Structure formats: structure tokens, C-alpha cells
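Quick note on labels: first sequence line is chain A, next is B, and so on, each numbered from 1. Worth saying up front: this structure is predicted, and the values here are computed from it rather than measured.
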There are 2 protein chains.
Amino acid sequence: MTKSSKKKATIYDLSVLSGSSPSTVSAVLNGTWQKRRIKESTAALIRDLAETHQYTANRQARGLRSSRSGLIGLLLPVHDNRYFSSMAQTFEAHVRSKGQCPIVVSASRDPEEERKTAETLISYSIDELFICGATDPDGVHEVCETVGLKHINIDLPGTKVPSVISDNYEGGRMLTEAIIRHFPADQPLRPDELYLFGGRDDHASRERIRGFRAVKRELLGDDPDGCIQPTGYAPNNARLAFEAFYEKHGKLPRGLFVNSSINFEGLLRFMAGHPHENFADLVVGCYDYDPFASFLPFPVIMIRQDVEGMITKAFEVIEEGRPQPRIHLISPELVQPRTALTGPLDALRDID
Amino acid sequence: MTKSSKKKATIYDLSVLSGSSPSTVSAVLNGTWQKRRIKESTAALIRDLAETHQYTANRQARGLRSSRSGLIGLLLPVHDNRYFSSMAQTFEAHVRSKGQCPIVVSASRDPEEERKTAETLISYSIDELFICGATDPDGVHEVCETVGLKHINIDLPGTKVPSVISDNYEGGRMLTEAIIRHFPADQPLRPDELYLFGGRDDHASRERIRGFRAVKRELLGDDPDGCIQPTGYAPNNARLAFEAFYEKHGKLPRGLFVNSSINFEGLLRFMAGHPHENFADLVVGCYDYDPFASFLPFPVIMIRQDVEGMITKAFEVIEEGRPQPRIHLISPELVQPRTALTGPLDALRDID
DNA sequence: AGTCTTTGCACCATCGATTGTGCAAACAAG
DNA sequence: CTTGTTTGCACAATCGATGGTGCAAAGACT
């Protein structure tokens, strides 16, 4: 077993082996060697040694010195849902293509935890932070600001730095209209038959609700307050709301605008508890896309947010110097029932 | 704006402010101060200063000195799927509860990328690496081994270090049996009507196939080779396989064992292309659980792998000194159609 | 041959925290 | 009052890479 085993080679090891100084080795291996007028032959020798000894730079040492780490952070509410996991997948691809290392962490929609998590990432000297779906983006902003960390909001906007979010108003309108139009003309939906469940008092929910109500008024002529049921994002709270409605009316509303796929899981839980109902007349619109949900036994119209578009835009905006804290809207897409869209995974090849 | 803004406080700053030496400050703030016989009053003073100046240790500096980073890595094939995203979610909770920081990265099932990614993580001096679903776990092992990094395999086993995986044989048996038994006695499934699609030549697929074939032979008396269609994991390859079958036979097999939820997406894509088929007689078993898939218009029996159990076991095993490279089997769970299980998200509270 | 310029590289401080060691002051024992 | 012990902390080396500065040797020029 060669000496190369067991401990990583450092520039000092290579310096001894090559007969050059550590700084020369460093310069050669980090690309600044031309600027330092190192001979090509010296560089070649060192590169060779680095190769055979499998040298890779210690990022902590480099980061300590340069106060940059090569890490780019993504702060998510949760991992376990197709919207956010595709966010992670897309984010990772972008970061890796820039030659940096993604670090994706979730903070459970808890403002306190969001700040704590950001602090932790900061303690690793991350270079940039993408704040996605944060409950308190401006709180996270504070902690970034005090250390001069570049950051940007995604999915839910803040007021201090730029935000890249879905056009939730337009999406809410599209989805609501699609639900209404899905009913045949001879059995049109009444205003009190179209409910919105899920979400809470955040920007996205408010905008979707605004779109929902506007379209209801335009197309159905009325928009009763009681049809808005912001139950939060927990599946079980959504389930309880459906239970309560069902208890009271003996059925679900014919038209359902579900605020997210997580809330939609609450609807599934409700349905699992009512195995003999067939929900024949039901039309569901869900603000999020999940391929399996699209093929459920009742019509499910979905909104797919343009994750790729949002991430791309966010990277563009964050590169600008000190950009204005404006909101960039990215148009989402309406997805008809029984549609299997491709996603970030399709970009990967499958080795067989 | 107080001086605390703009740049982070270091132990040197606090050392000046408190009149103590940097080493004293360090000892107080990292908990080793009792061992160093620092007076309680000195410690209190320093803790106070640290608090008001929002001191947090620079992890890169600490890591450089101690050659530990506080980072624990999880290497995934992909993020964007409920199985792996729940893996990430669960992993993260465990790591955070140990006071460390999770770093989750995906490597697209590509052996080369798996090794490269591990190298990158190593360059950040991660403390442990969990290798999940790797195509070449032993390749990753090599790179970990040379630097003495603790690691463990999950989901797909290697031969060099312990592995914690699903009991895929038993799971394959359960799922196959459940599919067969789902057909009424008067219209029993014939051996050539039960196909397995998806997966490839990895340990998990082989074991599932072994279970599948064993049960077919036991219950149906035969087990034709042609019924095994390992199409890889890409949704589109699975779709093409379904397409081809349909082309040839004018219908799908009545019984379908789909090797993963990603492959199942291939089935959806196929179905989207055949909108007028109703697939009335179809029974699908899927080796993975997705709540939405469970409620599709045909019976879908699923296997939920015990992610929480696997992660917990993996943490136990990795704590043992130099454990044997044995395989730990974790039993998966059979999930009947129309079942909405709770997941890692339910452990989070929802603030309203 | 003497001066000036360029080439090629070595030296050393530095980033922030950790940790082994040394040592004065306070206290105890004789 | 002297010697020995404990308390409480400061000092300084160290982790690995970076980058400013300095300087000898080689080449150019007069």
C-alpha cells in the first residue's frame, strides 16, 4: 500500500516532492500560476505529482483564507414533496454547472428555524443563499445582511432583496377558470359549490385566493367568503377541514381548489376514510403538479410552477450587483387531467 | 448601526473585549472550559459578550484545525421522487438532532459522478458519508477508505462496509402475492399475464425479481422468462417498454409489478398516450410508495420501504467502531390500494 | 564589463479556531 | 517563612491554502 493512502496529500507534500515551494504548488493547482510567472515545465511537474497522489485541495483551508467556501445554499421548507424536491434537483444542477457545491437544507416553515439554519450555513461561509418558500424571508435577510451574504428569495417574496416567484394571481385565475369550465353547461357550478382549501396567510396563498375570488365573481357572479378555507399546509389539518365540511353537508363541494399538493394529501386521507363514496361529480384543481395526482379517478387539473424558470431567473438576478428588491413573476402552467409531464430527472441519462 | 454589522465577530474580537486570551474565549465557547479550569465568572462574561455580539464560530477555521467539519453527507441518486426525498427529509432530522449539519447531494446513478461527488464532499472534510442507492458503492468506498472517512451504504449494498437495505426479496414476494390474490378466484391470473417492468441489474432489482419469480412459481405454477422486463430506471424507457408490449399484444398485462415509482411514471406516460383505454382489469403493484399513486383508478398495491427504520439503523451501525461489512435487512411494508400514509412531514408542526 | 529588465520562484503573514504547555498567583501544609 | 499544590489563565504552534513582497539569476542593452 503506497504512502498515498490514509491521509490526504497537501501542497506541502507536493512541495517537498517537487522541490518547489508551497506557494508555487498552490499557484499551479489553483490556476493562478501564469500570473505568477511559473515555468510551464514546473507547472507540468506539479500537475503530474498532484495527479498521481490524487491531490485535492482542502476546501476548509482554502475557504478560511479566502473567506469563500464554494458552497451555495438552498433553504427549503421541506424536502418531501415533488415541488420542493424538483426545486432541489434543479438547483443542484445549476450549482454544479458553476463548479460549486450545493447544500440544501430544510427549515420546516418555522421562522426561528429558518434564521437558525441560515446562521448555520453562514458559519460554513457559504457564498450565496437561495431562500425558497420561507415563512419569514425578511428575517433570514437580516442575518444574511449583517454578514454581507448575497441572497435571494424564491417562491415566497421578501421586501429587502429581489424575489423570484410564481405568478400566483394568474395561476389562481387559470386554475379556477379551468375548474369552472370543466363542468358541463347543463350542470354549471354554483358559486357556493366551489371551495378553496389549504394554504395560509402568505403571499402565495393570498394571491391565489385573490385570483380565485376574482374569477368566481367574473364567471359565477358571486364569491361567498365561506368558500375560502385556509387550513395551513399540514395534510392532517386539511383532512379535518374536509371531514368537517362533509359532516356538515353530507358531501364534498363539487369544485375544489386545493392550495398545494401537500394539502391534496389531506384530501386523500379524507377519501381513505370514506371508501364507499365515489366522488363522481368532483373536480379538483391543485396548485402544484404531481404526475400521479394527475391520473386520479376524478378530474384533477393542476398548476405546474416553472421551477426551472424560477431557478434560472434567480441565478441571473443574484449575479447582478446590488439589485432592487423587486418581484420577478414567472408564469406557471396549467396542466390538464391525465397528463404526465417530464421533469428534471429526464435530463439525466440512465445507464443500463 | 452598531459595529457588530458587516463582519462576523471572532474569538479575537471577544478576547479584546473581555480582556481574556483567544484560547480562553475559544475554550469557553466550545465547552471545554471546565477542563481548562476557567473561572465560572470569566466564562459567564465571555458567554455574555458572545451573545450580544452574535458570535458564531467559523466552521471552516474550526474544521481546518480539528479536521472535522460537522457536516454529514448523504449521497443520493436523485432528489425528485418521494422515496429519496423522504430519505433526505428523515436523514436531515437525524443529523440535525445530533447537532450537525446535513449535506445532501445527488449523483444521478452514475458511478463516475458518485466518486467525484464523494471527493468533493471529502474536500469539505465531512465527518461521515451515507451512500444511498449508489450504483457503485464499492467505488465510493475506495475514495472514502483512502482518507479514512466513515461511511455506510443504504438502499443498495456494497461489499466493503455495512449496508442497510430493504428486504427486497421479502418485499418482492409480498407484492407479487398481493397482486395475484387481488384477482378474483373465478378470473385468476395466468403466469404469462403477470409482468415485471423496470429496474436494472442491481442488488435491489435482482432480489425483487427473485421474490417475484419464486411466488409466481409457487402460486401460479410457472414463471416465464419473458415476463421480466428490466428497462432501467428512466421513465421514458419504461414507457417505451409498455408501448412495445401494447403494440404487440393489443393490451397491457393484467398484472403489473412495477419496480419503482420512477418506472411507474413511465406507465403514466404510456397511459397519457392512450386516453381511451380504461385499463379496467389492471392490477398494479409498485415497489415504492407514493400517496397519490395509491388512489389511481385501478388497484395499486404498493410497498413502502421503511425509510425511518433504515436511517435509524444506519446511524446505529455507523457509530460502531469498525463494523463488519454485513447487510442489515429492514422489512418493508405492504400498502393496500387507496391508502394515505403519514410521512416525515407529519412530524413537523404547522404554524398558522 | 556594468546597468537595467525580465523571469521564476521562495518567503512569510494571514484566515479563525484548537490544544499542548508553561507559569504566575493563590492557597495549603509543615 | 519555605516548599508544594492547585487554580486560572496566557502563549504559541498548528491545520492547509492564498497572495503580497522580495530577490537572485538570466537575459538585454549600452
*Could you tell me whether the side chains of B:Thr32 and B:Asn30 share a donor-acceptor contact shorter than 3.5 Å?*
yes
*Encode nucleotides 10-17 of chain D as B, S and - characters from 5' to 3', where the letter depends on protein heavy atoms closer than 4.0 Å: B to the base, S only to sugar-phosphate, - to neither.*
BBBBBBBB
*Across the strands shown, which category fits B:Thr42 at heavy-atom distances under 4.0 angstrom: base, sugar-phosphate, nothing?*
sugar-phosphate
*Expressed in angstrom and rounded to an integer, what is the separation of A:Ile122 atom CD1 from C:dG16 atom P?*
15 Å
*Could you give the CH2-to-P distance, from A:Trp33 to D:dT18, as a whole number of Å?*
16 Å
*Expressed in angstrom and rounded to an integer, what is the separation of A:Lys39 atom NZ from D:dA26 atom C1'?*
11 Å
*Output yes when B:Glu320 and B:Lys150 qualify as a salt bridge under the 4.0 Å nitrogen-oxygen rule, no when they do not.*
no
*Is there a donor-acceptor contact under 3.5 Å linking the side chains of A:Ser21 and A:Thr24?*
yes
*Can you spot which of A:Lys160, A:Arg115, A:His151 makes a side-chain hydrogen bond (donor to acceptor under 3.5 Å, both in side chains) with A:His141?*
A:His151
*Between the two end axes of the helix from C:dA1-D:dT30 to C:dG30-D:dC1, each built from 5 base pairs, what angle do you get to the nearest 10°?*
50°
*Would B:Lys98 and B:Glu319 satisfy salt bridge (charged side-chain N to carboxylate O under 4.0 Å, His left out), going step by step from the backbone distance to the final call?*
CA-CA 12 Å; B:Lys98 298 201 339 172; B:Glu319 300 313 345; 3.1 Å; yes
_Quick test of your reading of the model: are A:Glu308 and A:Lys313 salt-bridged, counting only N-O distances below 4.0 Å?_
no
*Report the distance from atom CD1 of B:Ile38 to atom P of C:dA25, rounded to the nearest whole Å.*
18 Å
*Tell me: CG of A:Leu29 to C1' of D:dG19, nearest whole Å?*
15 Å
_Quick one, B:Asp202 and B:Thr135 - any side-chain contact, counting heavy atoms below 4.5 Å?_
no
*What's the CZ-P distance between B:Arg37 and C:dA24, to the nearest Å?*
15 Å
*State, yes or no, whether a side-chain contact exists between A:Phe130 and A:Leu75 at a heavy-atom distance under 4.5 Å.*
no
*To the nearest angstrom, how far is A:Glu40 atom CD from C:dT7 atom P?*
15 Å
_Whole-Å distance separating the NZ atom of B:Lys35 from the P atom of D:dG8_ = 17 Å
*Pairs satisfying side chain to side chain donor-acceptor pair (under 3.5 Å), at least one member in residues 41-51 of chain A, at least two apart*: A:Glu40-A:Arg47
